[in-house]
Amino acid sequence: MQEFVRRNIKVMVVDAPEEVGRQTARLTAEVIKTHDSPTLGMCTGGTAVPIYRELIGRWSERQFSFQSVTTFNLDEYYPVHPKEPFSYQHFMRDELFRHVDIPTAHVHFPNALTHDPEEACGIYEDLIRKRGGMDLILLGIGSNAHIGFNEPGTPRDSRTRRVTLDESTRQANARFFAALEEVPQHALTMGIATIMDARKVVLSAYGANKVEAIENTLTKDPSAEVPASFLQEHPDCTFVLDREAAASVLE
Ligand code: GLP
């Protein structure tokens, strides 16, 4: 493993996607083990799959329990029914929650069935605040450097809100749907400021299609054009990357 710091971000480079999952799960397990009632921000997408597989493995070895863990997912398509197979609620149930001992009442998503997204997003922010904030947030990254569903152009002070998805994001995520037309146009997402409030951030990425996003994030000054670049201003942010995703920033 190669480790270095770029623009205030700790970067860990490993050989393969499975190892990205292992290292991210290790960092997550550390937070779970060292907090009495940890609050975690959760990501979805292909990158999350090896992370959650590894967390389930560690949980089944009884390294820790999810009984006292509370989760807030980063984002959800809007509008969407939680039972839809492409919904992030469905993804989280399938990939993590149904395999471990997390109490259902501890699991939170933005309300993607609401008729009043503004109110629902305000409620979500309040819930996170009342819970004392997130001890750790797990992130993936889009190939246009979005985090959550904060597309290029998102300001640093954004909070949980309804957003319109970029066409490139809809195309990238179409693989989880029967057809591109079925990918929703909108989503509810935590904002950049919501993410930055988490006490620790771990962003994971693998594969050649993330190389440009990682390069822009780790070499350019923070700006709304590269949403993940705001993470340079976070006091405790780690990137876990495979060699392919890190290709243009390797020392
Ligand atoms: C979606 C999610 C993001 C995620 C991104 C990357 O757009 N909203 O939170 O980071 O996809 O997904 P993947 O890991 O599948 O490349």
Side-chain angles (χ1 to χ4, degrees), residues 16-21 23-25 28 40-55 71-80 84-92 94-96 108-110 112 121 124 134 136-154 158 160-177 180 182-192 194-196 198 201-214 216-217 226-231 237-242 244-246:
E18 302 73 50
E19 191 59 21
V20 172
Q23 292 300 335
T24 306
T28 309
L40 307 181
M42 311 301 277
C43 65
T44 48
T47 313
V49 173
I51 301 172
Y52 296 152
R53 191 174 303 143
E54 185 69 22
L55 270 182
T71 64
F72 288 92
N73 260 79
L74 254 179
D75 50 12
E76 179 58 284
Y77 292 106
Y78 177 77
V80 66
E84 287 283 358
F86 63 79
S87 77
Y88 284 164
Q89 288 212 47
H90 194 279
F91 175 97
M92 289 303 297
D94 251 24
E95 298 294 338
L96 180 62
H108 303 91
F109 286 83
C121 291
Y124 203 58
M134 293 175 281
L136 163 70
I137 189 160
L138 297 175
L139 300 177
I141 187 168
S143 44
N144 62 1
H146 72 237
I147 46 177
F149 271 129
N150 294 289
E151 302 281 24
T154 304
S158 50
T160 306
R161 69 208 185 285
R162 174 182 178 273
V163 293
T164 301
L165 301 181
D166 273 11
E167 225 15 66
S168 65
T169 298
R170 293 185 63 247
Q171 279 164 16
N173 290 358
R175 67 191 196 278
F176 296 110
F177 296 77
L180 177 61
E182 289 182 20
V183 184
Q185 305 279 351
H186 299 102
L188 306 181
T189 183
M190 286 185 196
I192 302 286
T194 324
I195 293 169
M196 294 290 280
V201 178
V202 176
L203 182 149
S204 312
Y206 55 79
N209 63 330
K210 300 292 168 71
V211 87
E212 200 183 328
I214 294 297
N216 288 337
T217 300
V226 182
S229 64
F230 287 120
L231 296 171
C237 178
T238 303
F239 280 17
V240 185
L241 312 173
D242 81 337
E244 284 198 324

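Read the numbers this way: they start at 1 and go in the same order the structure lists the ligands and their atoms. These values consider heavy atoms only, across backbone and side chains, with no hydrogens, waters or symmetry-generated copies.
Panel note: side chain N144, backbone A213; no donor-acceptor pair is recorded below 3.5 Å.
Atom 4 (C) of ligand 1 has its closest protein heavy atom at T44 O, 3.9 Å. For atom 2 (C) of ligand 1, the nearest non-hydrogen atom of the protein is Y88 OH, 3.5 Å. Nearest protein neighbour of atom 3 (C) of ligand 1, counting heavy atoms only, is G148 O, 3.4 Å. Among protein heavy atoms, the minimum distance from atom 5 (C) of ligand 1 is reached at H146 NE2, 3.6 Å. Counting only heavy atoms of the protein, atom 12 (O) of ligand 1 lies nearest to G45 CA, 4.1 Å. Scanning all protein heavy atoms for the shortest distance to atom 16 (O) of ligand 1 gives K210 NZ, 2.7 Å.
Counting only N and O atoms by type, the side chains of T71 and H108 include no donor and acceptor under 3.5 Å apart. No donor-acceptor contact under 3.5 angstrom links the side chains of T164 and Q185, judged on distance only. There is a side-chain donor-acceptor pair under 3.5 Å between T24 and S204.
Of the polar atoms of C43, none of the N or O atoms is found under 3.5 Å from an N or O of ligand 1, judged by distance alone. Ligand 1 has no nitrogen or oxygen under 3.5 angstrom from a nitrogen or oxygen of T169. Annotation: G46 places an N or O atom under 3.5 Å from an N or O atom of ligand 1; distance criterion only. Checked against a 3.5 angstrom limit, the closest N/O atoms of F149 and ligand 1 fall outside it.
Annotation: side chain of V20 is not in contact with side chain of L241 (no heavy-atom distance under 4.5 Å). At a threshold of 4.5 Å between non-hydrogen side-chain atoms, the residues E167 and T169 do not count as touching. Taking the side chain as every heavy atom from C-beta outward, V80 and H90 never approach each other to under 4.5 Å.
Contact annotation for Y206 and ligand 1: no heavy atom of the residue comes within less than 4.0 Å of the ligand. No part of T189 comes within 4.0 Å of ligand 1, judged by heavy-atom distances.
In this structure, CD in E54 is found 10.0 Å from CD in E18, a value given to the nearest 0.5 Å.
Aromatic ring centres of F86 and F177: separated by under 6.0 Å. Between Y77 and F149, the distance separating the two ring centers is shorter than 6.0 angstrom.
Taking every non-hydrogen atom of R175 and a distance limit under 4.0 Å, the qualifying atoms of ligand 1 come out as 13 (P), 15 (O), 16 (O). Heavy-atom contacts of G140 reach the following atoms of ligand 1: 10 (O) (cutoff under 4.0 Å). Every atom of ligand 1 with a heavy atom of D75 under 4.0 Å away is listed here by number and element: 2 (C), 8 (N), 9 (O).
Of the candidates I141, L74, T47, L139, I141 brings a heavy atom nearest to atom 6 (C) of ligand 1.
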